[in-house]
A.B. asks: 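Following this message is one structure expressed as structure tokens.
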Amino acid sequence: MLFDLGGVLVHLDYAAIAAEAGALGVALDAASLPRAEGRARRAIDARAGALGCVPGTDATRVPSYFEDLLEGAGVSGAARDALVARLEAHHRDRNLWRVPFACARATLECLHGAGMRLGVVSNADGRAAAILRATGLAAWLDVIVDSHFEGVEKPDAEIFRRALERLDVAADAALFVGDIVSIDVVGARNAGLRPVLLDAAGAYEDADCARIARPGELLGLLGLGSVGEVA
Ligand SMILES: [Mg+2]
């Protein structure tokens, strides 16, 4: 079983984003950010749909992701632009995708205990393994594939093939859990894996694949019971 990292095992540090807004005197409710991320994800899909491919790279998509996130949270105009610049600087210094979902560790532990080989495939900037170690999630993972070191990003099938080869698992025996349709669901299908969409924001009611709201729901999907969790 393969997982995306950002938006699936860890999420944005919403409190840190609200603190950056506060430092600029911008009113922003951290509680509005998870749902606003749904807007940011769908904006990526809309651009990909219009162009026939996902535009740019993970690095070039980060500023527009922050723009769409803040618009969704009610911050626009000059305040939005100033806050995006501040978030970009913060993210360069310390990756903002760093807070593990409350159920992520227990879910990985349960899947590992069930005998599954586990890995991460992340469009990232070379910091995926460090985030997974810092959050304690790396302990359950057999492979971590960071696009920065591979020279290829999702939705290209090649990055999934490399992860599967290192796990020694066939594509048709694997699941991939991701949070953005045009990158993760399309990518998984490109490589022959069954996609599962983690839709924490409830933004993808029209999804044409399995959909869960948090990592722990994966256990129910696989008939492995549940973990006591929230968030
Ligand atoms: Mg993601």
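Values reported hereafter were calculated over all heavy atoms of this structure, with side chains retained and with hydrogens, waters and symmetry mates removed.
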A.B. asks: Taking side chain as C-beta onward, heavy atoms only, is His11 less than 4.5 Å from Pro34?
C.D. replies: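 No, their side chains stay 4.5 Å or more apart.
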A.B. asks: How long is the span from the CG atom in Leu96 to the NE2 atom in His90, to the nearest 0.5 Å?
C.D. replies: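 NE2 of His90 is found 4.5 Å from CG of Leu96.
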A.B. asks: Taking only Lys NZ, Arg NE, NH1 and NH2, and the carboxylate oxygens of Asp or Glu, determine whether Arg61 and Glu88 approach each other closer than 4.0 Å.
C.D. replies: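 So Arg61 does not pair with Glu88 through a salt bridge.
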A.B. asks: Report yes or no: does Glu153 contribute a side-chain atom to a donor-acceptor pair with the main-chain N or O of Thr57 at less than 3.5 Å?
C.D. replies: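 Checked: no pair found.
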A.B. asks: Main chain of Gly56, side chain of Thr60: is a donor-acceptor contact present, judged purely on distance under 3.5 Å?
C.D. replies: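 No, Thr60 side chain to Gly56 backbone: no donor-acceptor pair under 3.5 Å.
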A.B. asks: Within the 4.5 Å heavy-atom criterion, are Asp81 and Leu83 side-chain neighbours or not?
C.D. replies: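 A side-chain contact under 4.5 Å is absent here.
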A.B. asks: Taking a hydrophobic cluster as the set of Ile, Leu, Val, Met, Phe, Trp and Tyr residues connected by side-chain heavy atoms closer than 4.5 Å, whether directly or through intermediates, do Val185 and Leu2 fall within one such cluster?
C.D. replies: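 No.
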A.B. asks: Using only atom types and a distance under 3.5 Å, with no angle test, would you say the side chain of Asn190 pairs donor to acceptor with the backbone of Pro155?
C.D. replies: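 Checked: pair present.
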A.B. asks: Can Val10 be reached from Val177 by stepping across I, L, V, M, F, W or Y side chains whose heavy atoms are under 4.5 Å apart?
C.D. replies: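 Hydrophobic grouping puts Val177 with Val10.
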A.B. asks: Considering only NZ, NE, NH1 and NH2 on the basic side and carboxylate oxygens on the acidic side, decide whether Arg161 and Glu158 come within less than 4.0 Å.
C.D. replies: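 Yes, charged N to carboxylate O under 4.0 Å.
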A.B. asks: Does Val62 belong to the same Ile/Leu/Val/Met/Phe/Trp/Tyr cluster as Leu12, with side-chain heavy atoms less than 4.5 Å apart forming each link?
C.D. replies: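 Linked within one cluster.
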A.B. asks: Answer with yes or no whether the hydrophobic clustering places Leu198 together with Leu137; edges join I, L, V, M, F, W, Y residues whose side-chain heavy atoms lie under 4.5 Å apart.
C.D. replies: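 Leu198 clusters together with Leu137.
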A.B. asks: Considering non-hydrogen atoms only, spot the tightest contact between Ala188 and Phe160 and give its length.
C.D. replies: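 Heavy atoms only, the tightest pair is N-CZ, 3.6 Å.
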A.B. asks: Tell me, with the steps shown, if Met1 and Leu167 meet side-chain contact (heavy atoms from CB on, under 4.5 Å).
C.D. replies: CA-CA 9 Å; Met1 177 165 304; Leu167 277 183; over 6 Å; no
A.B. asks: Could you check whether any side-chain heavy atom of Pro100 comes within less than 4.5 Å of a side-chain heavy atom of Leu9, counting everything from C-beta outward?
C.D. replies: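 Sidechains of Leu9 and Pro100: no contact.
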A.B. asks: Determine the minimum heavy-atom distance between Ala191 and Ala171, stating which atoms define it.
C.D. replies: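 Of all heavy-atom pairs spanning Ala191 and Ala171, the closest is O-CB, 3.3 Å.
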A.B. asks: Answer yes or no: does atom CZ of Arg166 have more than 12 heavy-atom neighbours from other residues, nucleotides or ligands under 6.0 Å?
C.D. replies: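 Yes.
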A.B. asks: Using modelled atom types only, decide if a donor and an acceptor are shared between the side chain of Glu109 and the backbone of Arg105 within a distance under 3.5 Å.
C.D. replies: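 No; judged by distance alone, with no hydrogens or angles, the pair does not exist.
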A.B. asks: Yes or no on side-chain contact (heavy atoms from CB on, under 4.5 Å) for Ile212 and Leu197, after CA distance, side-chain angles and deciding distance?
C.D. replies: CA-CA 6 Å; Ile212 57 177; Leu197 186 62; over 6 Å; no
A.B. asks: In this structure, would Leu24 and Leu33 fall into the same cluster of hydrophobic residues linked by side-chain contacts under 4.5 Å?
C.D. replies: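 Hydrophobic grouping puts Leu24 with Leu33.
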A.B. asks: Specify the closest pair of heavy atoms between Ala40 and Tyr65, including all atoms of both residues, with the distance to one decimal.
C.D. replies: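 Closest approach of Ala40 to Tyr65, heavy atoms only: CB-CE1, 3.6 Å.
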A.B. asks: When rounded to the nearest 0.5 angstrom, what is the spacing between CG in Leu5 and OG1 in Thr135?
C.D. replies: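 Rounded to the nearest 0.5 Å, the CG-OG1 separation comes out at 7.5 Å.
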A.B. asks: If I take atom CD from residue Glu37 and atom CZ from residue Arg41, how far apart are they, to the nearest 0.5 angstrom?
C.D. replies: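 So the gap between those two atoms works out to 4.5 Å.
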A.B. asks: Can Glu150 and Val121 be said to form a side-chain contact (heavy atoms from CB on, under 4.5 Å), step by step?
C.D. replies: CA-CA 10 Å; Glu150 303 297 327; Val121 179; over 6 Å; no
A.B. asks: Within a strict 4.5 Å, meaning less than it, do heavy atoms of the Val26 and Leu70 side chains meet?
C.D. replies: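 Heavy-atom side-chain distance check fails, nothing below 4.5 Å.
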A.B. asks: Do Asp4 and Val120 have side chains that approach each other closer than 4.5 Å (heavy atoms only, starting at C-beta)?
C.D. replies: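 No, their side chains stay 4.5 Å or more apart.
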A.B. asks: Is it true that a side-chain atom of Arg214 and a backbone atom of Cys103 form a donor plus acceptor pair closer than 3.5 Å?
C.D. replies: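 A pair under 3.5 Å: no.
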A.B. asks: Are Trp140 and Phe3, when compared by the centres of their aromatic rings, separated by less than 6.0 Å?
C.D. replies: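 Not close enough - the centres of the two rings lie 6.0 Å or further apart.
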A.B. asks: When you compare the side chain of Val196 with that of Phe176, does any pair of heavy atoms fall below 4.5 Å?
C.D. replies: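 Counting from C-beta outward, Phe176 and Val196 never come under 4.5 Å.
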A.B. asks: Output every pair passing salt bridge (charged side-chain N to carboxylate O under 4.0 Å, His left out) with a member in residues 134-148, not counting sequence neighbours, ordered by first then second residue.
C.D. replies: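 The answer is Arg117-Asp142.
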A.B. asks: Could you report the tightest heavy-atom contact between Ala73 and Ser32, atom names first, then the distance?
C.D. replies: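 Where Ala73 meets Ser32 most closely, the heavy atoms are CB-OG, 3.5 Å.
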A.B. asks: Could Asp206 and Arg211 be called an ion pair, given the rule that one side-chain N must be under 4.0 Å from one carboxylate O?
C.D. replies: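 Answer for the salt bridge query: no.
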A.B. asks: Has Ser147 got a side-chain atom pairing as donor or acceptor with Ala124's backbone, closer than 3.5 angstrom?
C.D. replies: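 At least one qualifying donor-acceptor pair exists.
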A.B. asks: State the CG-CZ distance between Asp184 and Arg189, to the nearest 0.5 angstrom.
C.D. replies: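 The CG atom of Asp184 sits 12.0 Å away from the CZ atom of Arg189.
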A.B. asks: Quick check for you: to the nearest 0.5 Å, what is the distance between Lys154 atom NZ and Ile180 atom CD1?
C.D. replies: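 One gets 7.5 Å once the value is rounded to the nearest 0.5 Å.
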A.B. asks: For Leu164 and Ala170, work out which heavy atoms get closest and say how close.
C.D. replies: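 For Leu164 and Ala170, the tightest heavy-atom pair comes out as CD2-O, 4.4 Å.
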A.B. asks: Do the rings of Phe66 and Trp97 sit parallel, tilted or perpendicular, given the 30° and 60° boundaries?
C.D. replies: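 Parallel, since the angle between the ring planes stays under 30°.
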A.B. asks: Of all residues at least two apart in sequence or in a different chain, which pass the side-chain contact (heavy atoms from CB on, under 4.5 Å) check with Asp93?
C.D. replies: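 None.
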A.B. asks: I need the full list of salt bridge (charged side-chain N to carboxylate O under 4.0 Å, His left out) pairs touching residues 13-23, with sequence neighbours left out, sorted by first then second residue.
C.D. replies: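 As it turns out, the salt bridge (charged side-chain N to carboxylate O under 4.0 Å, His left out) pairs with a partner in residues 13-23, which skip direct neighbours, are Asp13-Arg98, Glu20-Arg86.
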A.B. asks: Measuring from atom CG of Leu175 to atom CG of Leu222, what distance do you get when rounded to the nearest 0.5 angstrom?
C.D. replies: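 With rounding to 0.5 Å, CG (Leu175) is 6.0 Å from CG (Leu222).
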A.B. asks: Quick one: do Thr107 and Leu219 satisfy side-chain contact (heavy atoms from CB on, under 4.5 Å)? Show the steps, please.
C.D. replies: CA-CA 7 Å; Thr107 300; Leu219 303 177; 4.2 Å; yes
A.B. asks: Write down the atom of Ala138, the atom of Ile144, and the distance for their closest heavy-atom approach.
C.D. replies: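 Taking Ala138 first and Ile144 second, the nearest heavy atoms are CB-CD1, 4.5 Å.
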A.B. asks: Can you check whether Arg47 reaches Ser182 side chain to side chain, under 4.5 Å on heavy atoms?
C.D. replies: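 Counting from C-beta outward, Arg47 and Ser182 never come under 4.5 Å.
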A.B. asks: Side chains of Ile159 and Val145: closer than 4.5 Å at any heavy-atom pair?
C.D. replies: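 Answer yes - side chains close enough.
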